[in-house]
Amino acid sequence: MISILHRKTGTLPPRRLCIQVLRHNPADPASVPHLQPYEIEEAEGMTLFIALNEIRAAQDPSVQFDFVCRAGICGSCAMLIDGRPGLACRTLTRDLGTTITLAPLPFFELIGDLSVNTGKWMRGTAERLQTWIHDATPVAIDTLETPMDPDLAEAIYELDRCIECGCCIAGCGTAQMREDFVGAIGLNKIARFRLDPRDQRSDDDFYELIGDDDGVFGCMSLLGCHDVCPKQLPLQTQIAYLRRKMAVIGFSS
Amino acid sequence: MEVIHTDVLVIGGGLAGLRAALAARKRGQKVLILSLVPPKRSHSAAAQGGMQASLGNTAKGAGDNEDVHFEDTVRGSDWGADQEVARMFVHTAPKAVRELAAWGVPWNRVEAGPHEVIIDSQRVTLDEPQAAHGLIAARDFGGTKKWRTCYVSDGTGHAMLYAVSDQTVAENIPVHERMEAVSLIHDGVRCYGAIVRNLANGKLLAYVARATCIATGGFGRIYRATTNAVINEGIGAAIALETGVVPLANMEAVQFHPTAIFPAGILVTEGCRGDGGLLRDVDGHRFMPDYEPEKKELASRDVVSRRMEAHIRSGKGASNRFGEHLWLDITLLGEAHINGKLREVKEICQHFLGIDPARHWIPVRPAQHYSMGGIRTDAHGAAYGLRGLFACGEAACWDLHGFNRLGGNSVAETVVAGMIVGEAIADFCATPEGDMHVSTALVRDCWEHESARFADLAASRGTESASALLQRMQTIMSENVGIVRNGEALGAAVEELKTLLLRSWQIGLRSSSPGANPELTTAWRVQKMLKLALCVAHGALQRTESRGAHFRDDYPRRDDAQWLKRTLAYWRDPEQRVPTLEYEALDVRRMELPPGWRGYGARDAIEHPETARRQTEIEQIRARLADADRNAVQQALMPFRHLLPPHLRGPNARLEETA
């Protein structure tokens with residue numbers, strides 16, 4: 001019935017994995033970044049969440065990393081897995097080789113080892129792009145809600161599914177060069193609020209937020225973001241569409 | 001010692017804390033939020049299936065209103081809920097869902113005209129009214145008479161959390177992330193804020209506040225098999241308990257969710273069954289109708305989980321190398337439905353099981369899911385025992401859920417309680433009581449006390465391992481204090497947990513890295529989690545009846561005569577090894593819905609002596625008001641509106657009531 005449970009038979013001995021973690025503790029002046037290998041025995045259905053916790057419990061209690069939901073929905077555990085940004089909690093070791101290299105997500109402030117401060121950057125981006133519904137009308141809570149076309153609600157949700165994990169920023173060429181670039185995450189949020197009729201902002205307003213090289217015109221269309229997004233958001237089409245709309249505003253003003 | 005001052009300190013950045021913070025901020029208070037993680041990573045994001053609110057927009061929601069939602073909630077609670085609180089909740093839930101709609105939550109909407117659904121494994125065509133087109137839709141959930149659960153695919157909590165979190169950004173409310181409150185600053189009478197540890201650098205700070213609100217969620221991580229996020233360790237409840245004056249209520253009321261994927265324990269939503277999914281056994285047989293002919297897969301969670309465990313014990317479990325389980329079959333819903341309305345479920349199945357749920361059955365087994373118990377508060381969220389301390393959401397025992405929470409009522413509680421408790425906090429701050437005369441010596445003493453505790457622990461070279469104690473505790477809780485309980489297993493659990501608590505004072509650290517040492521954090525937390533575990537196990541041992549999620553095979557009947565009361569657990573002396581239990585009676589004479597049969601599950605409750613009298617009284621009131629509208633009848637039975645802030649008292653509009 002479930003293929004994974006039959007994929008490996010009991011006759012094969014479990015693999016020995018070497019998990020190399022890029023260690024550095026900025027709080028310790030003596031700390032020098034280095035790759036530290038840990039050997040563990042692979043278990044059935046083992047994820048990097050399970051592996052790292054086993055390392056911390058049994059071998060090295062000082063390793064820093066972030067997990068919250070461990071179900072692929074909260075975005076806490078993005079890291080470089082063999083060089084590629086991804087969510088560690090839902091990465092199965094059986095999909096990787098026997099040597100696995102883990103490094104913290106680049107671009108974000110390092111807290112220690114695999115832990116980075118995505119929260120600070122995300123809050124800053126939310127403030128900068130004002131990622132909330134702009135509507136001066138007082139909210140009416142006792143009356144029937146304003147109707148919305150069912151398809152439109154689903155289209156908004158499609159863009160609302162971003163979990164702010166930071167993978168897109170880690171996979172972004174522009175972000176390597178421009179530290180103020182809003183990235184796919186920022187552009188996707190603008191696309192989401194632009195689509196939402198409850199938000200009273202116009203394209204002129206959005207142009208003020210992303211109509212420059214730190215916004216939609218900074219994107220070089222390398223689209224690493226699109227390739228690594230764990231939620232498979234339609235970043236490619238959204239960025240292209242947004243650029244066209246913003247270019248029209250730019251030329252007309 | 002760094003001291004930070006604010007009017008309102010909210011501990012916890014999930015939906016309940018954020019919404020309470022917003023309410024207080026909109027009333028002009030200076031508010032500051034502490035959060036273990038960035039708020040959008042809170043466990044609220046994991047709420048999948050939806051939020052109950054009696055909008056009644058859909059064909060299967062027709063006729064729904066606050067009265068029906070109220071009765072479902074009280075029956076779900078097995079009469080453990082505070083009925084006034086349940087009334088406040090069902091009345092405010094429609095307002096909350098509409099407010100969230102205005103804030104941008106992309107609720108699924110009603111599509112007018114005929115559409116096919118699966119009900120009780122049959123394909124049925126429903127016809128949605130034209131007038132409802134574009135209004136907020138709802139799906140079916142367990143233990144409800146109507147389709148009442150408003151949803152955003154199966155990412156409801158995520159969408160709600162992002163909308164509310166962005167509102168707090170709009171209101172410029174600061175969130176201090178990676179901060180953990182490690183003790184409350186108090187003098188035994190009033191709370192003045194908290195001592196807080198920065199998890200990024202290990203430093204301790206003092207936050208001094210006129211009002212403090214704990215909204216730190218549940219404590220599922222005291223169990224081995226849990227759907228909870230790794231941050232749900234109950235530390236907020238534990239620091240309230242450690243004041244010695246604030247009780248934790250009904251800690252033995254722990255919910256197990258029927259469908260956690262096996263063995264990882266990750267949740268797949270009740271929406272799977274609400275939308276027509278079935279539970280099957282080793283033979284592929286759909287077994288729930290055999291046990292629960294009325295509600296089948298959609299009885300309340302406590303009932304379904306118990307039936308599943310009993311079915312496994314009867315030898316009908318499927319098995320894999322990890323052990324026994326049952327199957328959740330959503331293949332009959334079809335790929336289009338799963339891709340649209342159950343996409344998180346699909347992703348979880350793909351990534352963690354390697355299966356496509358449109359083609360394969362999902363291996364599931366019940367796992368710990370929700371803490372009905374928590375910091376005991378009044379109807380306004382004020383904690384018992386300390387003025388200036390409030391609590392809301394899963395961390396609190398407001399007592400909306402009693403001994404079993406309905407699916408869709410928790411994420412609804414977060415925002416509804418946030419709206420109500422946030423107002424109460426602002427009210428408190430506006431009164432003379434909200435003024436504060438705090439001694440700097442008290443703040444310094446609290447800070448120094450905590451500093452010494454951390455320093456001692458960091459320097460300790462004791463022989464015990466924090467992670468070994470943690471794992472043993474989780475095993476005891478899952479094995480002895482789980483879905484089916486009895487005196488012998490509970491007694492053994494209490495005894496061993498007491499030993500573990502003693503051993504936890506001898507924890508030695510193997511590492512001494514500067515900054516945020518994760519080993520030190522674990523060692524410190526496990527001492528607190530053991531106290532919570534003892535509250536759960538000891539409370540369960542003493543409660544010699546079965547009620548809601550608390551089921552004892554040596555006392556299988558609900559005993560209203562002896563046990564229609566709430567457990568209050570105190571930890572008055574730091575040296576004590578089990579909590580002191582006291583009880584608070586529920587008053588049948590004031591109930592709108594006196595105890596009876598739930599409509600599913602067992603029928604053999606031992607009756608409370610007042611029940612018959614109250615029932616007669618209610619029938620007389622109903623007869624006298626036969627011509628009055630439902631609100632007048634309700635008002636005569638159990639007034640509650642006076643408990644709500646004035647702006648939440650108005651009637652809720654509905655299509656059929658306005659037509």
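Below, chain A is the first sequence line, B the second, and so on; all start at residue 1.
A donor and an acceptor atom, one from each side chain of D113(A) and S115(A), are nowhere located under 3.5 Å apart. Looking only at atom types and distance, the side chain of Y162(B) has no donor-acceptor partner in the side chain of D160(A) under 3.5 Å away. Between the side chains of T118(A) and R41(B), at least one donor N or O lies within less than 3.5 Å of an accepting N or O.
Looking at N57(B), only its side chain comes within 4.5 Å of chain A, counting heavy atoms on both sides. Residue S35(B): no heavy atom, backbone or side chain, is found under 4.5 Å from chain A. Looking at F65(A), neither its backbone nor its side chain comes within 4.5 Å of chain B, counting heavy atoms on both sides. Looking at E111(B), both its backbone and its side chain come within 4.5 Å of chain A, counting heavy atoms on both sides. For a residue to count as touching a neighbouring chain, one of its non-hydrogen atoms must lie under 4.5 Å from one of that chain's; by this rule A264(B) touches chain A with the backbone only. Both the backbone and the side chain of N652(B) come within contact range of chain A, each with at least one heavy atom under 4.5 Å from a heavy atom of that chain. At a 4.5 Å heavy-atom cutoff, the contact between R192(A) and chain B is made by side-chain atoms alone. Residue L55(B) touches chain A through its side chain alone, counting heavy-atom pairs closer than 4.5 Å. With a 4.5 angstrom heavy-atom cutoff, V37(B) touches chain A only via side-chain atoms. With a threshold of 4.5 angstrom between heavy atoms, L152(A) does not approach chain B through any atom at all. Looking at P651(B), the atoms closer than 4.5 Å to chain A (heavy atoms on both sides) all sit in the backbone: N, CA, C or O. Of the atoms belonging to Q48(B), not a single heavy atom falls under 4.5 Å from chain A. With a 4.5 Å cut-off on non-hydrogen atoms, T146(A) touches chain B through its backbone but not through its side chain. Contacts between R90(A) and chain B at a heavy-atom distance below 4.5 Å involve backbone atoms as well as side-chain atoms. If you measure heavy-atom distances from I348(B) to chain A, the contacts under 4.5 Å come from the side chain alone. Within the 4.5 angstrom heavy-atom criterion, only side-chain atoms of D196(A), from C-beta onward, approach chain B. Interface residue L648(B): only side-chain heavy atoms are found under 4.5 Å from chain A. Heavy atoms of E99(B) lying under 4.5 Å from chain A belong to its backbone as well as its side chain. With a 4.5 angstrom heavy-atom cutoff, T131(A) touches chain B via backbone and side-chain atoms both. Contact annotation for R221(B): only side-chain heavy atoms (C-beta onward) come within less than 4.5 Å of a heavy atom of chain A. Contacts between D66(A) and chain B at a heavy-atom distance below 4.5 Å involve the side chain alone, from C-beta outward. Both the backbone and the side chain of V175(B) come within contact range of chain A, judged by heavy atoms closer than 4.5 Å. Only the backbone of A58(A) comes within contact range of chain B, judged by heavy atoms closer than 4.5 Å.
Between chain B and the residues P150(A), C89(A), A140(A), A27(A), the largest count of heavy-atom pairs under 4.5 Å involves P150(A). Comparing S76(A), G112(A), A126(A) by how many heavy-atom pairs each has under 4.5 Å with chain B, the most go to S76(A). Of all the listed residues (H647(B), K40(B), R178(B)), the one sharing the greatest number of non-hydrogen pairs under 4.5 Å with chain A is R178(B). Heavy-atom pairs under 4.5 Å with chain B peak, among M122(A), Q64(A), R161(A), at R161(A). For chain A, the option among I362(B), I261(B), T227(B), L520(B) with the highest count of heavy-atom pairs below 4.5 Å is T227(B). Put simply, of A45(B), G202(B), G155(B), the one with the most heavy-atom pairs under 4.5 Å next to chain A is G155(B). Interface summary for chain B: among E127(A), R56(A), Q130(A), the most heavy-atom pairs under 4.5 angstrom belong to R56(A). Between chain B and the options E164(A), K120(A), H134(A), the largest number of non-hydrogen pairs under 4.5 Å is found for E164(A). With chain B as the partner, the residue from G119(A), C165(A), G72(A) showing the most heavy-atom pairs under 4.5 Å is G119(A). Between chain A and the options H133(B), Q471(B), H43(B), Q350(B), heavy-atom pairs under 4.5 Å are most frequent for H133(B). Of the listed residues (V105(B), L36(B), N172(B), N232(B)), the one with the most heavy-atom contacts under 4.5 Å to chain A is V105(B). Of the listed residues (I136(B), I231(B), V110(B)), the greatest number of heavy-atom pairs within a distance under 4.5 Å of chain A belongs to I136(B).
Looking only at side-chain heavy atoms (C-beta outward), P61(A) and T522(B) stay at 4.5 Å or farther from each other. With a 4.5 Å cut-off on side-chain heavy atoms, W107(B) and M160(B) count as touching. Side-chain contact between P38(B) and R123(A) is absent, with no heavy atoms from C-beta onward closer than 4.5 Å. Put simply, the side chain of I163(A) reaches to within 4.5 Å of the side chain of L87(A), judged on heavy atoms.
Counting only residues at least two apart or in different chains, salt bridge (Lys or Arg N to Asp or Glu O under 4.0 Å) contacts with residues 136-145 of chain A comprise D142(A)-K95(B), E145(A)-R98(B).
In plain terms, the two heavy atoms of I355(B) and P363(B) that are nearest each other are CD1-CD, 4.4 Å. R280(B) and D329(B) get closest at one heavy-atom pair: NE-OD2, 2.8 Å. The minimum heavy-atom distance linking A163(B) with W103(B) is given by the pair CB-O, 3.9 Å.
With respect to K26(B) and E171(B), a salt bridge is recorded, a charged nitrogen being found less than 4.0 Å from a carboxylate O. Ion pair E154(A)/K341(B) flagged as a salt bridge, since at least one NZ, NE, NH1 or NH2 atom sits closer than 4.0 Å to an Asp/Glu carboxylate oxygen. A salt bridge is absent between E42(A) and R94(A): the closest approach of a Lys/Arg side-chain nitrogen to an acidic carboxylate oxygen does not fall below 4.0 angstrom. Using a 4.0 Å cut-off between a side-chain N of Lys or Arg and a carboxylate O of Asp or Glu, D149(A) and R109(B) do not qualify as a salt bridge. The pair K189(A)-D166(B) fails the salt-bridge criterion, with no side-chain N (NZ, NE, NH1 or NH2) lying under 4.0 Å from an Asp/Glu carboxylate O. With respect to the salt-bridge test (charged N to carboxylate O, under 4.0 angstrom), the residues E344(B) and K231(A) qualify.
Evaluation of the salt bridge (Lys or Arg N to Asp or Glu O under 4.0 Å) rule for E41(A) yields no partner, not counting sequence neighbours.
Rounding to the nearest 0.5 Å gives a distance of 8.5 Å between CZ of R343(B) and CG of D154(B).
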